[in-house]
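Order of appearance sets the numbers: ligands from 1, and atoms from 1 within every ligand.
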Amino acid sequence: MAKLQNSLAKKIPVWRDDIRTLVKNHGDHKISDVSITQAYGGMRGVKGMVCDTSEVPPDTGLLIRGIPVGNLTNKTPEDTFYLLCTGELPNARDRRALTEELNSRAKVPSYVWKVLEAMPKNSHPMAMLDTAILCMQRESKFAKAYAAGMNKMDYWKPTLEDSLDLLARIPTIAAYIYRLRFKKGKRINPKKGLTFAENYAHMLGIEDKSGEFAECMKLYLVLHSDHEGGNVSAHTCHLVGSALSDPYYSVSAGLNGLAGPLHGLANQECLNWILQLKKKFRGVPTDEQLTQFAWDTLNGGKVIPGYGHAVLRVSDPRFVAFRAFGMKHFPDDPVMALVNKVYEIVPGVLKEHGKAKNPWPNVDAGSGALLHHYGLREFSYYTVLFSVSRSMGMLSQMIIDRAVGSPIERPKSVTTKWLQDQVK
Ligand code: HAX
């Protein structure tokens, strides 16, 4: 796949030069102050790292390489990965070349199947995915080249090789986890000639005569691909990778963070909350019933999943895109009706509650309704779907980190005593 490799080889010297010049000429320019609230508050809003693949302006939501994600809804995962890595969308030939390249690397080592089959039957699908990725570490071309004494200017090359290998294999592994964990039958192999999204849909084995589920997967994989650098999964991958741990170690670590209920696991929690609502009120509740249900959740000391965000202050454009897909293809679906009702009522409740800085829906508020509609109803699998997509963001960030020589990350921590002394 010469094209992505060539495009990167052309751009990397320019990126390196831009960064060198910026640091040389403006290295002392201040971009952030840090307050005690921020030091105790998860570093919220502290500008202390760089990510060029995407950004999340609070008032618009995700831009991938400057393009609003809402304008990418007709693109493929291949387009998205290429865009994340290089800053440009591929032409049709380069997109096809990337699909073929990924297909040619999709063979999963047979020991991965054995490891998955040996895991306890009730393992969480995310634990299975992270274990499968980690156990392939021995395949790392970066680790081998590093051990052989590679020049640091070349770090990005075997990182790209590992990234393509890993990205190619993740859907096959993820699909088998679905079939194994939920007793759906034998493993389905990838099919020649299918795209990344079509192959994943095919290997999951969900009935899809119209091809609409594959369309849904395509959208799902594009929308979840990246969300700048500071979220838990991207930041974890970056942090682990900054020690020059290879992509297998780093992506597995990042996905362990995605498995948390305040991050990627929220999509499973979210559909669960909506279905509880459906069960309790035998369908779409009245405004009063839903308001009370939301207050019961909050008064029980729990969060309303799918709402709120650390950075965003508007409805997440990814939620908007999922909702538009659902309304186009199945406007009468009862779960979709619930998603809409929750969208009408919950922001008002959260505003009245007065805690959440952002009362609007995030990416996880609507995606589950789509999966549920197509018969993919095993909630605990949902974060694996998210992971297949988010791997693209983590890997592209890592390729760029290696290309521009990002150093080992090591912020300074302070003690509470030190802070108390500062304010005396
Ligand atoms: N329901 C109830 N309370 C909420 C809330 C929600 N949906 N969102 C935020 N709050 C609360 C926080 O828990 C916090 O309460 P405390 O002061 O008691 O700790 C307060 O409002 C202020 O929080 P915030 O500054 O607005 O939000 P944070 O940056 O701290 O947290 C979260 C952002 C996404 C974790 C938060 O909004 C949340 O827990 N939402 C529900 C879970 C969820 O949907 N997560 C998925 C987020 C998207 C994502 O990463 N997907 O992978």
Minimum-distance protein heavy atom relative to atom 6 (C) of ligand 1: Ile304 N, 3.7 Å

Residues Glu161 and Lys157 bridged, charged N to O under 4.0 Å: no

Ligand 1 versus Leu298: contacting region, heavy-atom distance under 4.0 Å: side chain

Residues, nucleotides or ligands: over 12 heavy atoms within 6.0 Å of Asp33 CG: no

Distance-only side-chain donor-acceptor flag, His238 / Glu409, under 3.5 Å: yes

Mode of Val232 contact toward ligand 1 - side chain, backbone, both, neither (heavy atoms, under 4.0 Å): neither

Residue portion contacting ligand 1 (non-hydrogen atoms closer than 4.0 Å) for Leu350: side chain

Protein heavy atom at shortest distance from atom 33 (C) of ligand 1: Ala310 N, 3.7 Å

Atoms in ligand 1 flagged as close to Ala266, the criterion being non-hydrogen separation under 4.0 Å: 43 (C), 44 (O), 45 (N), 46 (C)

Contact bool for atom 48 (C) of ligand 1 (protein heavy atom, d < 4.0 Å): yes

Distance from atom 27 (O) of ligand 1 to nearest protein heavy atom, with residue and atom: His309 O, 4.4 Å

Parallel, tilted or perpendicular, as decided by the 30° and 60° cut-offs, for the rings of Phe330 and Tyr374: perpendicular

Protein contact of atom 51 (N) of ligand 1 - nearest heavy atom, named by residue and atom, plus distance: Asp364 OD2, 2.9 Å

Short N-O contact, Glu378 and Arg181, less than 4.0 angstrom: no

Identity and separation of the nearest protein heavy atom to atom 44 (O) of ligand 1: Gly306 N, 2.7 Å

salt_bridge(Lys341, Asp287) N-O dist < 4.0 Å: yes

Closest protein heavy atom (residue, atom, distance) for atom 10 (N) of ligand 1: Ala356 CB, 3.7 Å

Under-4.0 Å protein heavy-atom contact, atom 20 (C) of ligand 1: yes

ring-ring contact (aromatic ring centres under 6.0 Å, His included) contacts touching residues 284-319 (sequence neighbours left out): His227-His309, Trp273-Phe293, Trp295-His353, Phe319-Tyr343

Lys114/Glu117 salt bridge by N-O under 4.0 Å criterion: no

Protein contact to atom 39 (O) of ligand 1 [nearest heavy atom, distance to 0.1 Å]: Leu262 CD2, 3.5 Å

Side chain to side chain contact (heavy atoms under 4.5 Å, CB included) between Lys3 and Leu98, intermediate numbers included: CA-CA 8 Å; Lys3 266 309 187 175; Leu98 182 52; over 6 Å; no

Non-hydrogen atoms of Leu72 and Val222 that approach each other most closely: O-CG1, 3.6 Å

Contact atoms of ligand 1, heavy-atom distance to Asn362 under 4.0 Å: 43 (C), 44 (O), 46 (C), 47 (C), 48 (C)

Gly308, Pro305, Pro359: member with heavy atom nearest to atom 37 (O) of ligand 1: Gly308

Asn231 heavy atom under 4.0 Å from ligand 1: no

Location of contacts on Arg44 toward ligand 1, heavy atoms closer than 4.0 Å: side chain

Under 3.5 Å side-chain donor-acceptor pair for Thr76 and Asp79: yes

Parallel, tilted or perpendicular: rings of Tyr146 and Phe142 (30°, 60°): parallel

N or O contact, Tyr307 vs ligand 1, cut-off under 3.5 Å: yes

Which residue and heavy atom of the protein sit nearest atom 18 (O) of ligand 1, plus the separation: Lys355 NZ, 2.7 Å

Atom indices of ligand 1, in the order listed, that fall short of 4.0 Å to a heavy atom of Gly264: 52 (O)

